[in-house]
2 protein chains.
Amino acid sequence: MNRISDATITRLSRYYRSLVHLETQGQEMVSSKELAKRHKVTPAQVRKDLSCFGQFGTRGLGYSVCQLKETIAHILGLHRIWKVALVGAGSLGSALISYKEFKRQGFHIVAVFDNDPHKVGKKRRGLTISDITKLPKIVKELDINLAVVAVPTTAAQSVVDILVKAGLKMILNFAPETLKTPPGVTIRNVNMAIELEALSYRLVASEMSRLDGKPKLSSI
Amino acid sequence: MNRISDATITRLSRYYRSLVHLETQGQEMVSSKELAKRHKVTPAQVRKDLSCFGQFGTRGLGYSVCQLKETIAHILGLHRIWKVALVGAGSLGSALISYKEFKRQGFHIVAVFDNDPHKVGKKRRGLTISDITKLPKIVKELDINLAVVAVPTTAAQSVVDILVKAGLKMILNFAPETLKTPPGVTIRNVNMAIELEALSYRLVASEMSRLDGKPKLSSI
DNA sequence: GTCTGTGAAGAGTTTCACAGCT
DNA sequence: AGCTGTGAAACTCTTCACAGAC
């Protein structure tokens, strides 16, 4: 088995959402063509993605919506409950606690940390905010699997160091910074500012090409 | 000029942050090697990324921190003020309003929309929430450049349709769904649930390989 | 010696195209 | 006929390696 690419995993997550939707619509079979259309990819891409994990379809008919949904859920570990530690109880952190999609997919925030003495001890949606120094102990006690970092950029690296020391291997980072992690620790970044900057670049590029046929290098 | 890849643009955003940091540290020159190390890429990658836009370095010396920072800001359109419409005044939307990184990079949220009559008319950080039906008018009046969609999945497609009709060409979507847009409209997705699912997959995979040397296909 | 800029090679990902099953 | 599964081809992105500048 080759290593599966991140792109494939991301697409599986997306297919999964379509399958859930199709199942509620009562549709029993779905073709790679139909799934592809919903996700702006080619039918061959859908089939390749799935073929990384086995053969789930029936030639001439397509895939069983229900079976494929369950299979993907299994692959992605969505049947399991993952315990999540949230670090940072600011406005973003608080929003994440209320984000229902997390719980729906089996990601349960079971502990919240901050280093602000004004916040420690307060509650957010039934969870008491703990001091960040208590993190290693609580991670062990509650058997936490992954961490979400929602702190200001300046604090992000030191938080990640604490998480790594506490033995966590999977981190979702919301700070717009590339963070250092030792091998064996996987970090994924959600980066709102960087996404906006990509849009900004396209806006500038589209304005330039509107102004004068060819984009001008010299004008940069 | 070839089309620049999204990956390159994303890395430029990251380099930019490092350059800002280095400038505050008083560092005058930086090599591709040093930038690369900070971002877990190869020095060749850094040089290739920059060479898409011109020649900014000095052989033997590296790049001027200040100049390169300004150049990237220019490429990404960060010198400009972009006017942003936010749709969805729930907990995520409210968090985005307070997210300082946006404003720092020149993305100013100038209007907030929702369809909930309980929210319309209320204020969030000095901005009055408008009814979504007023969006086309306000987008014209304020000359808004891009939109951020922070509404529940079920509402996302209809919101995007409204935005497209109002003439917006650039959309940042937080709903975990692939949305349909006509050609000429660029949509980027920030997808927290999907990122967590990628981590979940790696967790499952790492557990499996720990249990029994080779990953077993049949166990899926 | 140090470091950039870049063509060429290499690696990885996507698409094509068709055999094979229903 | 319709659709999957997959090797091969095409394409894209990354790394190598070295000429050329300081």
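Proteins come first, then strands; the chains are lettered A, B, ... in the order of their sequence lines, and each starts at number 1.
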Neighbours of DNA chain D within residues 21-38 of chain A, by heavy-atom distance under 4.0 Å: Ser31(A), Ser32(A)

Check: Glu101(A)/Gln105(A) side-chain N/O donor and acceptor closer than 3.5 Å: yes

By side-chain contact (heavy atoms from CB on, under 4.5 Å) - contacts of Pro43(A) (at least two apart): Ser32(A), Lys33(A), Ala36(A), Arg47(A)

Side-chain N,O (Tyr63(B)) to OP1/OP2 (dT2(C)) below 4.0 Å: no

Nucleotide dT15(C), atom C1' - distance to CZ of Arg11(A) in whole Å: 12 Å

Separation of dT14(C) P from Leu50(A) CG (nearest whole Å): 13 Å

Test log, rule salt bridge (charged side-chain N to carboxylate O under 4.0 Å, His left out), inputs Asp6(B) and Arg202(A): CA-CA 10 Å; Asp6(B) 280 348; Arg202(A) 302 276 173 228; 2.4 Å; yes

Gln55(B) vs dT6(C): side-chain N/O to OP1/OP2 distance below 4.0 Å: yes

Most 5' of Thr58(B) and Gln45(B) on DNA chain D, judged by nearest nucleotide: Gln45(B)

Whole-Å distance separating the CZ atom of Phe53(A) from the P atom of dG5(D): 14 Å

Non-neighbouring partners of His21(A) that pass ring-ring contact (aromatic ring centres under 6.0 Å, His included), sequence neighbours left out: none

Side-chain H-bond candidate by donor/acceptor type, Ser13(B) with Thr10(B), under 3.5 Å: no

Atom-to-atom span, CZ of Phe56(B) to P of dA21(D) - whole angstrom: 19 Å

Qualifying residues under ring-ring contact (aromatic ring centres under 6.0 Å, His included), relative to Tyr15(A), sequence neighbours excluded: His39(A)

Which residues share a ring-ring contact (aromatic ring centres under 6.0 Å, His included) with Tyr16(B), sequence neighbours left out: none

Side-chain donor-acceptor pair present, Thr153(A), Glu177(A), cut-off under 3.5 Å: no

DNA chain C: 5'-proximal contact among Asp6(A) and Leu61(A) (nearest heavy atom): Asp6(A)

Interatomic distance where NZ belongs to Lys40(A) and C1' belongs to dT14(C) [whole Å]: 18 Å

Test item: side-chain donor near acceptor, Glu195(B) and Asn191(B), under 3.5 Å: no

Grab the N/O contacts between the protein and nucleotides 16-19 of chain C below 3.5 Å, and write none if there aren't any.
residue, atom, partner, partner atom, Å
dA17(C), N6, Arg47(A), NH2, 3.3

